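Note that the structure is predicted; figures quoted are calculated from it, not measured.
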Amino acid sequence: MDTLVHNVWIITMDNSEKRIPFHGYLSILDGRIHDIDSGKPDQSLIDEAKEVIDGGGKWLMPGLVNTHGHLGSSLLRGHGDDLKLVTWLKTVMWPNEAKFDHDLVQTAAELAMMEMISSGTTTFLDMYHLAMPELAQMVQEKGLRAVLCRGMIAFGTESEQDEKIREAVSLADSYHNAADGRIRVMMSPHAPYTCPPDFYLKAAEQAMNHQLMLHTHISESPGEVDEHLRKYGMRPVEHMHRLGLLNDEVLLAHAVHLTDEELSMLKETNTAVSHNPMSNLKLGSGIARVPEMNRQGIRVSLGTDSTASNNNLDLFEEMRFAALIHKGVNHNPESTDAYSILRMATVDGASILGYSQTGTIRQGSDADFILINPDQPHLTPWTPERVVSHLVYAAKGSDVTDVWIRGRRQLENGFFLEFDRERILHKSNELVKYFE
Ligand SMILES: [Zn+2]
């Protein structure tokens, strides 16, 4: 036995019957959850373990899953707020990103990874166009879990476009299912307004040839849908459906502006959605029809998008927004419930990204879990029956004290074990002078 964590309240998320946490323990062997049970561990288990951790009555739950983001642009946090999506892309994001070098992108990625780990995220998806092999290397070495997408904007010549696809395929050849399955790779055309239909078809063909999922932004703002209608006479999701591009190996980011017919297309093809409520609110994009998606059984997960449009990567905050905004806009508090939101951020997100071994606490699954300190005014009073409610409606990322990913401890009482916190914060502040 490698590690035994006892005296914790465990919330498993492994089926809907066990919503109430139980007091117990779990042990880790070779990166996986070996034993999990209620009560106190036998003395023999304690003796056998190389490391014994008294959880002090903290809550133990699966690490959170962030299904959409752009780590490389993290240093743009707070730069260019309060602009429309297209204006923001054209005047803030793209001109600055054109000047980014690999060193800056790596620092930005490290900053984002630290932020995610310290707020309880153990699995993330990153769509970016620079330094993806370097990021893959970092994820591998630091023991993290990530879906990496070489984001592709298909402006430019055909040979430039083909080069981007070649880079994406090469990333997949080197890293898809690498690092004990912690790394996955997806093909990622950026969006219908930056990639023509032919490019989507090429990307989808490569995704099929290499058995990769496809990830793209779609129908994020009303302007995007109007422009698509003008250009192609159809809405973006409808267009993708007609091209035969929707299936259960596709993850759509945002999907805010969908008609009833488009929702049916997602249902029919079992296409998944990454819901990014805070980014959608900040850019004034709108509010996705998540309660309808849930009612129809469309698979939905949660994402933060980048710190440039959120402006943090705290999935606890994202859960709370996801739970609240739909109640508000639908004038119906029954539109969402805490347990379903928690599923979106854990087990459902993991399954949508193609991970079967994370997102739940069960014997044999990878040891990806976090500890939360409930001994704080905003989580008091608590009873086991109230824990799910507190996690969604009251908790913050800063309540997370400890994090393990595939059995490797990443955060210990708030301290990073794989990152040089001071160096990365200092360097990020230094690099800010390059922005316009
Ligand atoms: Zn995005």
Could you check if a side-chain atom of V256 sits within less than 4.5 angstrom of a side-chain atom of S219, using non-hydrogen atoms only?
-> no
Before accepting this row, confirm whether a basic side-chain N of the pair D162/K202 lies closer than 4.0 Å to the acidic partner's carboxylate O.
-> yes
Got more than 12 heavy atoms from elsewhere within 6.0 Å of CG, D375?
-> no
Partner set under salt bridge (charged side-chain N to carboxylate O under 4.0 Å, His left out) for D101, not counting sequence neighbours = none
Using only heavy-atom distances, determine whether the side chains of H68 and H215 contain a donor-acceptor pair under 3.5 Å.
-> yes
Do K327 and T336 come close enough that some side-chain heavy atom pair is under 4.5 Å?
-> yes
Have Q296 and E292 got a donor and an acceptor in their side chains that come within less than 3.5 Å?
-> no
Pairs touching residues 97-117 that satisfy ring pair (Phe, Tyr, Trp, His ring centres under 6.0 Å), sequence neighbours left out | F100-F435
Apply the test side chain to side chain donor-acceptor pair (under 3.5 Å) to residues E318 and N310: give CA-CA distance (whole Å), side-chain angles for both, the deciding distance (0.1 Å), then the verdict.
-> CA-CA 9 Å; E318 206 73 36; N310 187 305; 3.1 Å; yes
Any ion pair linking K164 and E167 (charged N to carboxylate O, less than 4.0 Å)?
-> no
If we only count heavy atoms from C-beta on, is the V139 to F124 side-chain gap below 4.5 Å?
-> yes
Mind checking salt bridge (charged side-chain N to carboxylate O under 4.0 Å, His left out) for E422 and listing every partner two or more places apart, or none if nothing turns up?
-> none
Which is it for T304 and N66 under the side chain to side chain donor-acceptor pair (under 3.5 Å) test, yes or no, and what are the steps along the way?
-> CA-CA 7 Å; T304 55; N66 186 344; 2.8 Å; yes
Kindly write out the residues that satisfy side chain to side chain contact (heavy atoms under 4.5 Å, CB included) with F415, not counting sequence neighbours, or none if the list is empty.
-> none
What's the verdict on side chain to side chain donor-acceptor pair (under 3.5 Å) for H23 and N7, showing C-alpha distance, side-chain angles and the deciding distance?
-> CA-CA 7 Å; H23 187 254; N7 187 18; 2.7 Å; yes
Mind checking whether H275 and H326 have parallel, tilted or perpendicular rings, split at 30° and 60°?
-> tilted
Do the side chains of Y193 and P236 get nearer than 4.5 Å, heavy atoms only?
-> no
Quick one: do the N280 and S285 side chains pair a donor with an acceptor below 3.5 Å?
-> no
Partners meeting side chain to side chain donor-acceptor pair (under 3.5 Å) with D180 (sequence neighbours left out) | none
Check step by step if salt bridge (charged side-chain N to carboxylate O under 4.0 Å, His left out) holds for E262 and R289.
-> CA-CA 11 Å; E262 286 175 309; R289 299 173 64 188; over 6 Å; no
For M113 and D126, run side chain to side chain contact (heavy atoms under 4.5 Å, CB included): C-alpha distance rounded to whole Å, both residues' side-chain angles, the deciding distance at 0.1 Å, then the answer.
-> CA-CA 10 Å; M113 291 190 283; D126 181 37; over 6 Å; no
Can you find a heavy atom in the side chain of D14 that is under 4.5 Å from one in the side chain of I361?
-> no
Do D402 and R409 meet the salt-bridge criterion of a basic N to acidic O distance under 4.0 Å?
-> yes
With N209, which residues qualify under side chain to side chain donor-acceptor pair (under 3.5 Å), at least two apart?
-> none
Less than 4.5 Å apart, any side-chain heavy atom of I28 and any of H34?
-> no
When R406 is tested against each of D30, D2, D366 for salt bridge (Lys or Arg N to Asp or Glu O under 4.0 Å), which residue passes?
-> D366
For the residue pair H217 and H70, does the interplanar ring angle fall in the parallel (under 30°), tilted (30 to 60°) or perpendicular (over 60°) class?
-> parallel
Does the pair E110/K427 count as a salt bridge with the N-to-O cut at 4.0 Å?
-> no
